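All ligand and atom numbering here is 1-based and tracks the order in the structure. All values reported here derive from a predicted model rather than from experimental measurement.
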Amino acid sequence: MFQRIAFVSALLLIPPSFLACPYLLAADEVRPPNIILIMADDLGYGDISPYGGWVKTPHLQSLADEGVQFMDFHASASVCSPTRAGLLTGLYQQRLGIPGVLYANPARPEHYAGLSAEQTTMAEVFRDHGYRTALFGKWHLGYQAKHNPILHGFDEFRGFVSGNIDYHSHIDLMGREDWWQDQAKKKDKGYLTDLISEYAVDFIKANADRPFFLYLPHHAPHLPFQGPNDPSDRTVGGKFPVAGTVRDRKRAYREMVESMDAGVGLIRDALKKYQLEKNTIIWFFSDNGALSSVGSNKPLRGQKGEDWEGGHRVPSIISWPMHVAPRKTDVLSSTLDVMPTVLGLAGIHFSGKLDGVDLSRFLLDGESPKQGRKLFWWGDQKQAWKGAAMRDGPYKLVVDRSQNQRPNIYLFDLRKDLGEQHDIARQNPQQLKKMLSDLTTWHRDVKRNH
Ligand SMILES: [Ca+2]
């Protein structure tokens with residue numbers, strides 16, 4: 001590198017020390033950036049240090065200190081599977097026929113649904129552009145052989161396909177072993193969260209000399225609540241409590257989050273060791289809000305599976321040292337934006353349809369995103385999450401169907417009322433009418449495109 005700088009400096013008649021400043025070095029790099037997406041599962045807005053949360057997470061704090069911390073970032077669903085479908089395609093999951101959870105139970109019709117082969121995932125786009133791609137962790141986008149991640153653009157897959165497994169025995173809710181190496185089941189020993197981080201570190205080492213896209217959907221801190229030193233609960237074909245046998249669930253939950261945070265530290269250490277930190281984008285976020293009995297969505301109302309902010313406003317931190325200036329932002333953003341944004345940051349043009357927005361110019365240059373952004377949520381009428389919601393600027397519309405009767409409709413102004421305590425629907429009939437109309441039009445559109 002120094003020889004190249006000396007040569008360029010001689011050509012331009014300027015001192016080599018000037019050219020060696022990090023920003024110019026960055027421009028000199030021809031290799032596209034590596035991408036690492038780290039997604040927590042059911043982690044709440046009030047769980048981790050950068051958001052004033054109750055679990056000490058020094059590595060996520062450091063990531064936030066050195067990166068952009070989104071304060072108004074949303075999962076496209078308040079449950080697992082649909083957020084993942086939207087994340088990997090940049091499309092509202094309703095277009096993909098995955099509006100709700102894909103259950104492990106074969107008696108449920110949703111068990112047979114999954115991400116269709118005809119959809120283009122960001123892993124496929126990166127692979128087509130010479131990236132090595134891998135997924136270590138939770139898939140939850142289909143149980144059938146045709147849904148396997150290897151068929152969706154991932155060169156490597158270690159992890160599980162269902163919604164939750166025992167952190168030690170890797171057995172799913174139906175009492176089946178659920179740990180995979182690519183397209184075959186293969187046992188693996190270890191605490192799930194640590195395994196994901198270890199695989200990530202090995203992958204970084206093995207691919208230090210070429211661009212890579214690494215998707216790390218953690219299971220933590222989703223149930224069953226099991227810290228690294230808690231016992232295994234699930235056995236093959238056995239009967240066990242869904243949430244595990246640990247009595248002090250808060251303690252276990254805290255340890256689960258701490259383990260994930262330690263993994264973030266290990267990954268960043270590996271990037272430093274192989275001199276990749278300045279050429280690697282890390283984006284950490286959660287797939288939906290926390291269960292408030294164990295986690296925290298403070299100061300938001302509601303929890304996982306609901307249409308209040310606590311169901312879908314989640315932590316989100318992106319870091320790209322020397323390229324993206326550290327700051328906090330109130331830009332309204334979504335898991336749907338991840339695909340267009342990381343493709344934009346990598347300089348890759350994608351001509352397919354996207355519902356998400358490319359935030360790369362905002363991140364790199366501070367350019368304001370287009371005004372008038374709207375976001376929509378719509379659950380599955382056959383499942384527990386069946387409501388709908390919409391954002392239009394500061395306004396939040398909630399169509400609450402949790403009581404299984406006529407829906408209750410609310411309107412909030414989140415600028416003044418982040419906790420969604422003061423319904424202003426009556427005082428703002430025009431805004432309410434407009435948003436209900438937009439929501440209906442949007443839903444008709446995504447249903448038609450399915
Ligand atoms: Ca989840």
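- The Ca ion (ligand 1) has an N, O or S atom of N288 inside 3.0 Å of it.
- Between H147 and W139, the distance separating the two ring centers is not shorter than 6.0 angstrom.
- The ring of W377 has its center no closer than 6.0 angstrom to the ring center of Y92.
- Aromatic pair H422/F412: centroids not less than 6.0 angstrom apart.
- For F203 and F212, the gap between ring centers is short of 6.0 Å.
- Centred on the Ca ion (ligand 1), the OD2 atom of D287 and the OD1 atom of D41 lie at an angle of 90°, reported to 10°.
- Rounding to the nearest 10°, we obtain 120° for the angle at the Ca ion (ligand 1) between C80 SG and D42 OD1.
- The Ca ion (ligand 1) has no N, O or S atom of H222 closer than 3.0 Å.
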